[in-house]
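Data first, discussion second: the structure below is written as C-alpha cells.
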Amino acid sequence: MRPHSTLGMWTSAASQAPLVVLMDKGSASASEIVAGSLALLNRAVLIGQHSHGKGTVQQPFVLREPSLLANEVKLKLTIAEYHLAQDTAVPRGIGLRPDLATNRVELSQSGADLPRDVARGDALGLVSERPGWRPFGTPPDRGDVTMTLAEDVLHATTGPSRAELLQAGSRVLAAWRQTETRRLAQAMAARGIDWSGDDLCPEPCQAPDLGVTVELVGEPRSGQPVAVRALVHNKGSAPLHRLVVRLSASSSRLPWDGLTLPIGFIPPGETATGSATVALPVYPASREDLVAVTVDADQRPSVGAESALLRLIGQAPPPVSIRVRGVSADGLFGDADALLSPETRAVEVVVSNDGGIDLSGVQVRLAQPDDPRLEPLERQVLVDALPAGQSKTVLLHLAWTGDGPLGDSSRVPVEVAAERFSSLLRAVVPVDWDGGVSVLVPPRLNADVPVETMVGTLPVHLVATDDQGIASVSAWWQGRQLAWRSGQGPTLELDLSLDVQSGTHTLVGAVTDNDGVTTRRRWVIHGSADGDGIAIP
C-alpha cells in the first residue's frame, strides 16, 4: 500500500476517535494550546482542574554561570503572547476551565486535604488514600484515578463530537460522584469521623454558631513535626455535618497555610476535635504566626472564627568545621583502592558537627579546583548521620591530567550541606599534597530576622563571631550593598535599617575572617500591607 493511502486511512480513523484531554494546575504553554484548540474544534472535552494560565512565551538569558560559591543568575524576558483560534486568549493566572471539574482529596498520615471546590460540590473529589491514614490495614492501590474516569467517559460516548462527549461525561460524573462520596465516608469512618451529609437543613440553611480553638500539641520546634488540633463547640440548636476547620496564612511559605482539619458530625451543644500533623520548616529565629481560621459545614455558609496565634521555636543551623589534607594514590587508600593509578589523588575531609543538633543526609561536595588539570572523580560523598559533637571522615578522589608533576598544594572549593539546613559551610580550602592539614572553622553570622513583617522600616542587628579574628562584615539588601565594616577582634556587630515594601525581599550577610574564609547567610522577608499572618520574632 502506498504511504499516502496509509496516512489517509489513519487520518480518517483519527477524525472519528473521541478525545479527552486531562489537565491540572501544572498544564501550561503548549499543553494549554493543544487542549484549548481541541475544545474550540469541538473535538474534545477537558477533564481536571483549571490549567496554569501562562499565556506568554519567555526566553531565558544566562547572566552568570553557576558555581560552588555563587548561584546561577538568569534573566527571563517575555517575548510573545499566544492566542487560540478566534483570537481566544488563555486568561493569565486563571487558565482554561475544565468541562468536567475534578480535584484530589488527599488522605495521609499527616491528615486530610479536602479542597473547597469539592466540599461545595463544584468539583468531583477523587479520593486518594495513602498508607498511614487508617490506624490498621493498607488501602488498595487505585492507580491513576483520573485516567480511569477519562476511560469511562470514552466508553460511554456515542460519538466523537464534543457535544456527545459532554453528554457522556454528565452521566459518568453523576455515577462517580456517588461512588467517591461513599469512598470518602468509609475512609473518614476508619479514623472515627462521621462523614454523613446534612439532609434536614431547611433552605436557606443558617450559618453555624460555633466556638473554635486552634492549638499546637507538643513542642513546635523548627524542623520537627508537630500536631495541630482544633476544638469546635456547636453552640446552635441544630446538628452540623461534614465540618472542617481550614487554616490560612498570608504567605504560602508558612506551614499552616492551606491546612485542613476534618471533624465531621457535631450534635448541638457538644464539642468535637480534629487534628493533623505538619512538618515544620527550619527557621533560625523563633516566631509567632497569626493564622486565619474558617469553618465549613455541609449545606451551611462558611464562617470565620477568631484567628489563632501559633508559635514556632527557632533553630539556627549548627556550626560545622572541617580538617582537610591531600592524599596520594599510595598514601592511605589500602587494598580496596590498589588499582588506582599514581596520578590519582584524594582530598580527605574530616567533618565535625560542633553544634547541639544531630544532622542527617550530610553531603560533602567538591567543585573544580583552581588548576583545571586536577579533575574531580567524585563530586559528592553522602554521610547518612552526623550526631552532635561527632566527626566523620570522607575521601573524594581527583585525577591529575597534567603532563608535569602536581604542585605542592592546590586550592579546592569545598561545601558541606545537610537535610533541612541546606548549605552549612562553603569555602575555598588550601590542600597540601605533602600531608599537611588545613583546619577550617568558618566564622558565624547570626541575626533575629522575621520571615514576615509589616511594611516600613525594620531594624536588624547582625552579630559575627570567629575563633580567631574577623576581617569584615557586609550586608546586601535586594541585591545592593547596604553596609560594610572592617573588624579587628573575634566579634563584630552591624546595625541595619531595612526599608520593607509589600512583597518578598532578600537580605544577604557575609562575614570574612582573617584567614580569608567567608560565611554567607541569606534571609527572605515578606512585607505585608495588613496584619494578617504577621510573624512576630
Any heavy-atom pair between the side chains of [Y] and [X] that's under 4.5 Å?
X    : Y    : result
V45  : T157 : no
Q109 : R130 : no
P459 : S497 : no
L184 : L107 : yes
V228 : L247 : yes
L96  : L84  : yes
L309 : D289 : no
T294 : R116 : yes

N/O donor-acceptor pair under 3.5 Å between [X] side chain and [Y] backbone:
X    : Y    : answer
S37  : V34  : no
R43  : A17  : yes
D152 : A156 : no
R521 : L445 : yes
D495 : H461 : no
R191 : W133 : yes
D298 : D198 : yes
N42  : R162 : no
R104 : P115 : no
Q224 : L280 : no

Would you give the length of the straight line joining atom [atom1] of [X] to atom [atom2] of [Y], rounded to the nearest 0.5 angstrom?
X    : Y    : atom1 : atom2 : result
H83  : I33  : NE2   : CD1   : 10.5 Å
S51  : K25  : OG    : NZ    : 12.0 Å
E219 : I313 : CD    : CD1   : 4.0 Å
N234 : T271 : CG    : OG1   : 8.5 Å
R365 : Q380 : CZ    : CD    : 5.0 Å
S128 : E106 : OG    : CD    : 4.0 Å

With sequence neighbours left out, which residue pairs that include part of residues 229-250 fulfil the ring-ring contact (aromatic ring centres under 6.0 Å, His included) condition? H241-F265
Taking ring-ring contact (aromatic ring centres under 6.0 Å, His included) as the criterion, tell me which of W523, W476, W477 meets it with H505. W477
Decide if atom [atom1] of [X] counts as having more than 12 heavy atoms of other residues, nucleotides or ligands within a radius under 6.0 Å.
X    : atom1 : answer
L200 : CG    : no
Q206 : CD    : no
R97  : CZ    : no
R92  : CZ    : no

Working note: V172 + L149, criterion side-chain contact (heavy atoms from CB on, under 4.5 Å); need CA distance, chi angles, decisive distance, verdict. CA-CA 8 Å; V172 170; L149 171 64; 3.8 Å; yes
Write down the atom of [X], the atom of [Y], and the distance for their closest heavy-atom approach.
X    : Y    : result
W195 : V244 : CH2-CG1, 3.5 Å
H52  : A28  : CB-CB, 3.7 Å
A447 : L462 : CB-CD2, 3.3 Å
P301 : C205 : CD-O, 3.6 Å
A207 : V303 : CB-CG1, 3.8 Å
R134 : A187 : NH2-CA, 4.0 Å

Can you list the steps and then say if V153 with L173 is a side-chain contact (heavy atoms from CB on, under 4.5 Å)? CA-CA 9 Å; V153 172; L173 204 65; over 6 Å; no
Between I525 and L458, does the side-chain contact (heavy atoms from CB on, under 4.5 Å) criterion hold? Intermediate values first, please. CA-CA 10 Å; I525 304 171; L458 174 67; 4.1 Å; yes
Does the side-chain contact (heavy atoms from CB on, under 4.5 Å) test come out yes or no for L243 and V232, once each step is laid out? CA-CA 9 Å; L243 188 141; V232 180; 4.2 Å; yes
If you look only at pairs with a residue in residues 139-151, which of them pass as a side chain to side chain donor-acceptor pair (under 3.5 Å), with sequence neighbours excluded? R142-E180
Report the residue from T181, T102, T179, N103 that forms a side-chain contact (heavy atoms from CB on, under 4.5 Å) with L124. T102
Do [X] and [Y] have side-chain N/O donor and acceptor atoms under 3.5 Å apart?
X    : Y    : result
D257 : S248 : no
Q58  : T78  : yes
Q167 : S170 : no

Is the closest basic N to carboxylate O distance between K54 and E32 below 4.0 Å? no
Partner residues of R229 under the side chain to side chain donor-acceptor pair (under 3.5 Å) criterion, sequence neighbours left out: E215
